[in-house]
Visitor: 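Structure in structure tokens, see below.
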Amino acid sequence: MPELPDVEGFRRVLADHAVGRRIRDVEVFDSGVLRGVNAAGLRQALCGRSFGEPWRHGKYLFAPVAPRKDQATLILHFGMTGSLQWTAERHRFDRVAFTFRGGRLAYRDLRKLHGLRLAHDPQEVSQVVSRLGPDAADVSREELQQALSRLRRQVKPALMDQSVVAGLGNLLVDEILWRARINPHRSTADLRPSDVADLYSRMRTVLRQSIAAARVPPRKTWLTGRRDDPSGACPRCGSPLSHGRLGGRSTTWCPTCQPR
DNA sequence: GTGAATGTTCATTC
DNA sequence: GGAATGAACATTCA
């Protein structure tokens, strides 16, 4: 599930409900999601403290621990199935829960591909961020142009590479390329500046609308709304959609709108 | 039982 | 050195 818009939604959940409130308890139901920290360490770092204003870069969510003199930051990554929920109800896939007066915040994740880290100082945080390209919701057209022009790769895997631009996942990239009428197999080396300009403006639109919905909205007018239908037709031209694998990921495109 | 799933990382092989 | 590929991680669901 989680790409940039989803994680931005989780950021809002944390910001709206938990920031500034005393963390009364940290329950670890499954330590399989803890990375580089154990349950006792996490409890000790967080209990009695609170979260400061959370921020996001790409698909990572950073929750600074207050008071700031502690210099610690909780780093969350949601893998393919994670989420952050403000809910009183315990769910079978809740792996960690933070308890506050008046509610609880659950890190819920089916597959446990990623999870929670605790950075003890700003260096550890910048270490994580330094491996990422500019945030997709924040990057300028010039930056994107430059990042892509350095590569000679198929455009889809290039855009999904978090060190090129951070935050785009499988669904978003398919959606953006479809709107920009760029075939996912095309090489970044062959993109004209006008292609990148198109790509950029489509990316902005898709991100803005997806962030508002806290997900890639499964609308029938979007490619995303049709990709799971094996006999799906392009919402724009009606051609049967093509399906394949690219960079190891399932890929959907329109052979008419997105010629090679 | 099999394969696939909106992610990342590592090893291997061009 | 880059780029492409496949496996691995853990788990459920169709």
Side-chain angles (χ1 to χ4, degrees), chain A residues 1-11 28-36 56-61 75-84 91-96 107-117 127-133 135-137 147-179 184-191 203 206-207 209-211 213-219 222-232 241 243-253:
Chain A
M1 198 217 295
E3 304 182 62
L4 187 157
D6 308 81
V7 180
E8 181 59 25
F10 304 148
R11 190 194 66 75
V28 177
F29 306 116
D30 189 332
S31 57
V33 298
L34 301 186
R35 306 291 137 124
R56 182 192 59 71
H57 192 107
K59 301 172 190 171
Y60 283 88
L61 180 59
I75 305 178
L76 304 95
H77 194 290
F78 300 90
M80 290 175 92
T81 51
S83 69
L84 206 54
H91 184 280
R92 61 190 285 228
F93 299 140
D94 286 354
R95 309 302 185 185
V96 178
Y107 178 86
R108 190 171 290 180
D109 188 20
L110 185 157
R111 283 171 71 185
K112 300 188 284 184
L113 288 175
H114 296 274
L116 276 49
R117 286 185 48 180
Q127 226 168 48
V128 173
V129 177
S130 69
R131 304 186 58 168
L132 303 171
D135 187 84
L148 293 178
S149 66
R150 277 190 263 107
L151 307 171
R152 310 184 132 271
R153 298 175 65 178
Q154 292 174 308
V155 63
K156 171 165 180 177
L159 289 172
M160 284 190 65
D161 187 332
Q162 301 298 299
S163 69
V164 174
V165 54
L168 305 181
N170 199 26
L171 293 193
L172 278 173
V173 169
D174 278 5
E175 186 71 40
I176 292 164
L177 290 174
W178 173 72
R179 297 218 184 180
H185 299 84
R186 280 178 62 188
S187 169
T188 53
D190 300 337
L191 294 180
M203 179 178 81
V206 169
L207 281 177
Q209 298 186 25
S210 299
I211 286 171
R215 60 186 298 193
V216 186
R219 298 180 193 153
W222 288 40
L223 180 70
T224 311
R226 305 286 180 96
R227 63 178 295 139
D228 290 337
D229 178 3
S231 58
L241 292 170
H243 303 272
R245 287 191 86 72
L246 222 174
R249 309 302 302 274
S250 66
T251 302
T252 302
W253 71 98

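We name chains A, B, ... by the order of the sequence lines, and we start the count at 1 in each one. FYI, side chains are in, hydrogens and waters are out, and symmetry mates aren't considered; it's all heavy atoms of this structure. As the structure is a computational prediction, the values presented were derived from the model and not from experiment.
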Visitor: CZ of F78(A) versus P of dT6(B): gap in Å, rounded?
Guide: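 After rounding, the gap between these two atoms is 18 Å.
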Visitor: Below 4.0 angstrom from OP1 or OP2 of dT12(C), is there any side-chain N or O of R92(A)?
Guide: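 Affirmative; the distance criterion is met.
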Visitor: Between dT6(B) and dA3(C), how far is it from one P atom to the other, in whole Å?
Guide: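 One P to the other, the span is 24 Å.
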Visitor: Taking the side chain of L113(A) as its heavy atoms from C-beta onward, which of dT6(B), dT9(B), dA10(C) lies nearest to it?
Guide: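 My answer, after comparing the listed nucleotides, is dA10(C).
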Visitor: Would you please test R227(A) and S250(A) for side-chain hydrogen bond (donor to acceptor under 3.5 Å, both in side chains) and show each step?
Guide: CA-CA 10 Å; R227(A) 63 178 295 139; S250(A) 66; 3.3 Å; yes
Visitor: Any side-chain N or O of R152(A) below 4.0 angstrom from OP1/OP2 of dG1(C)?
Guide: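 No, no such contact exists.
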Visitor: Check this one for me: any side-chain N or O of T224(A) less than 4.0 Å away from OP1 or OP2 of dT6(B)?
Guide: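 For dT6(B), OP1/OP2 do not have a side-chain N/O of T224(A) under 4.0 Å.
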Visitor: Reckon S250(A) has a side-chain N or O less than 4.0 Å from the OP1 or OP2 of dA4(B)?
Guide: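 No.
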Visitor: Calculate the interatomic distance between Q154(A) atom CD and dG2(C) atom C1'; express it in whole Å.
Guide: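 Rounded to whole Å, this separation is 14 Å.
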Visitor: When we call it a touch if two heavy atoms are under 4.0 Å apart, what does T81(A) touch: a base, just sugar-phosphate, or nothing?
Guide: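 T81(A): no heavy atom of the nucleic acid under 4.0 Å.
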Visitor: Has R179(A) got its NZ or CZ under 6.0 Å from the middle of the six-membered ring of W222(A), at an angle within 45 degrees of the ring axis?
Guide: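 Judged by the rule (NZ or CZ under 6.0 Å from the ring centre, within 45° of its axis), R179(A) counts as positioned above W222(A).
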Visitor: Whole angstroms only, please: what is the NE2-P distance between H114(A) and dT8(B)?
Guide: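 After rounding, the gap between these two atoms is 6 Å.
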Visitor: Quick one: label R153(A) by what it contacts on the DNA or RNA (base, sugar-phosphate, nothing), any heavy atom closer than 4.0 Å.
Guide: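 Sugar-phosphate contact only - R153(A) comes under 4.0 Å of backbone atoms but never of a base.
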Visitor: In terms of ring plane angle, is the pair F78(A) and F10(A) parallel, tilted or perpendicular, where the classes change at 30° and 60°?
Guide: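 Because their plane-to-plane angle lies in the 30° to 60° range, the rings of F78(A) and F10(A) count as tilted.
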Visitor: Between Q162(A) (CD) and dG7(B) (C1'), how many Å, whole number?
Guide: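 After rounding, the gap between these two atoms is 8 Å.
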Visitor: Would you mind checking if D6(A) and R215(A) are paired as a salt bridge, meaning a charged N to carboxylate O distance below 4.0 Å?
Guide: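 No, this pair does not count.
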Visitor: If dA8(C) has a Watson-Crick or G-U wobble mate with both distances under 3.5 Å, name it; if not, just say none.
Guide: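 dT8(B) is the nucleotide pairing with dA8(C).
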Visitor: Would you say R249(A) places a side-chain N or O within less than 4.0 Å of OP1 or OP2 belonging to dG7(B)?
Guide: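 Answer yes for this pair, as a side-chain N or O of R249(A) is under 4.0 Å from OP1 or OP2.
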Visitor: May I ask you to say what F93(A) touches in the nucleic acid, namely base, sugar-phosphate or nothing, with a heavy-atom cut-off under 4.0 Å?
Guide: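 Sugar-phosphate only.
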Visitor: Contact class for L172(A) (heavy atom, under 4.0 Å): base, sugar-phosphate, or nothing?
Guide: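 Since no nucleic acid heavy atom lies under 4.0 Å of L172(A), the category is nothing.
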Visitor: Grab the CG-P distance between D30(A) and dC9(C) for me, whole Å please.
Guide: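 In whole Å, dC9(C) P lies 16 Å from D30(A) CG.
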Visitor: I'd like to know if D174(A) pairs up with R249(A) as an ion pair, taking the criterion as any Lys NZ or Arg NE/NH1/NH2 lying under 4.0 Å from an Asp or Glu carboxylate oxygen.
Guide: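 Salt bridge flag = no for R249(A) with D174(A).
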Visitor: Under 4.0 Å between a side-chain nitrogen and a carboxylate oxygen: does that hold for D135(A) and R56(A)?
Guide: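 Yes, charged N to carboxylate O under 4.0 Å.
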Visitor: Hey, does G169(A) reach any base, or is it just sugar-phosphate, or nothing, if we go heavy atoms under 4.0 Å?
Guide: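 Touches sugar-phosphate only.
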Visitor: Of all the nucleotides listed (dT9(B), dT11(C), dT6(B)), which has the minimum atom distance to the side chain of K112(A)?
Guide: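 Of all the options, the side chain of K112(A) is nearest to dT11(C).
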Visitor: What is the distance, to the nearest angstrom, from the CG atom on L246(A) to the P atom on dA3(C)?
Guide: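 In whole Å, dA3(C) P lies 15 Å from L246(A) CG.
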Visitor: For N170(A) and dT8(B), what is the distance between atoms CG and C1' respectively, to the nearest whole Å?
Guide: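 Rounded to the whole Å, the gap is 13 Å.
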Visitor: Rounded to whole angstrom units, what separation is found between the NE2 atom of H185(A) and the P atom of dA3(C)?
Guide: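 Whole-Å distance recorded here is 18 Å.
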